[in-house]
Trainee: 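Structure below; questions to follow.
By convention here, the first residue in the shown sequence is residue 1. We count ligands from 1, going down the list as the structure has it; atoms in each ligand are counted the same way.
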Amino acid sequence: MHILSTLTTDHDNIEALFKRFEATDPGDAEALGHLRDQILEQLAIHAEIEEQTLYPALRQADEDAEDDVLEALEEHHAVKAILAELERMAPTHERFRAKMQVVIENVRHHVEEEEGDDGLFALARQELKATELKEMAERAAQLRDHGPTRPHPLSPDQPPFNVLLGLPVAVMDRVVTPLRKVVEQHLLRKAS
Ligand SMILES: [Fe+2]
Ligand SMILES: [Fe+2]
């Protein structure tokens with residue numbers, strides 16, 4: 001297993017969640033909220049993996065990759081900012097689905113660029129060694145178990161600070177998310 005196959009599988013899983021979100025009855029707030037939570041978590045983990053492994057390695061391996069990596073980081077940042085709003089928004093809010101649709105469109109564009117013929121994944125295949133790609137997959141597995149699970153648009157997204165802060169942030173995420181879910185479920189039941 002190497003990093004590009006795990007990241008491509010993430011893209012496919014996230015796209016499947018997007019399709020389910022788009023197909024969900026707009027009146028089913030509980031289902032929309034549940035899908036929002038899954039999308040939020042999957043995207044947070046995926047972005048963290050790319051920002052701690054593939055992106056810095058590409059920047060180091062090929063200075064021509066710099067502009068594309070910086071653009072990718074900006075696209076991650078924009079999506080995290082909207083996700084941070086969605087995390088705090090009730091699924092019954094009139095802007096909820098529209099906001100998620102903007103996330104979906106942005107991520108689809110970003111994934112197309114990453115996986116495209118002259119995108120970052122193609123560049124990684126060209127520039128990085130098989131051993132490096134395999135090591136990154138091992139780091140990705142650790143991040144899936146112990147990395148941040150919520151969007152943090154204001155946190156550092158490049159080494160060394162994202163690596164240093166990743167662990168304490170992840171510990172807090174695992175406290176905040178269950179609490180927020182309990183409060184939201186309570187409010188949804190009260191409203192229905
Ligand atoms: Fe990305
Ligand atoms: Fe990606």
Trainee: Among the N/O/S atoms of His46, which is closest to the Fe ion (ligand 2)? Give the atom name.
Mentor: NE2
Trainee: Taking 4.0 angstrom as the limit, do Glu135 and Arg139 come out as a salt bridge?
Mentor: no
Trainee: What I want to find out is whether Arg59 reaches Glu127 closely enough, with some N-O distance under 4.0 Å, to be called a salt bridge.
Mentor: no
Trainee: When you measure from the Fe ion (ligand 2) to each N, O or S atom of Glu114, which atom gives the shortest distance?
Mentor: OE1
Trainee: Strictly under 2.8 Å, is any N, O or S atom of Glu50 next to the Fe ion (ligand 1)?
Mentor: yes
Trainee: What I want to find out is whether Glu15 reaches Arg108 closely enough, with some N-O distance under 4.0 Å, to be called a salt bridge.
Mentor: yes
Trainee: Any carboxylate oxygen within less than 4.0 angstrom of a Lys/Arg side-chain nitrogen, looking at Arg180 and Asp173?
Mentor: no
Trainee: Name of the His76 N, O or S atom nearest the Fe ion (ligand 1)?
Mentor: NE2
Trainee: Under 2.8 Å from the Fe ion (ligand 2) - does any N, O or S atom of His11 fall there?
Mentor: yes
Trainee: Which atom names give the shortest non-hydrogen contact between Tyr55 and Ala72, and what distance separates them?
Mentor: OH-CB, 3.5 Å
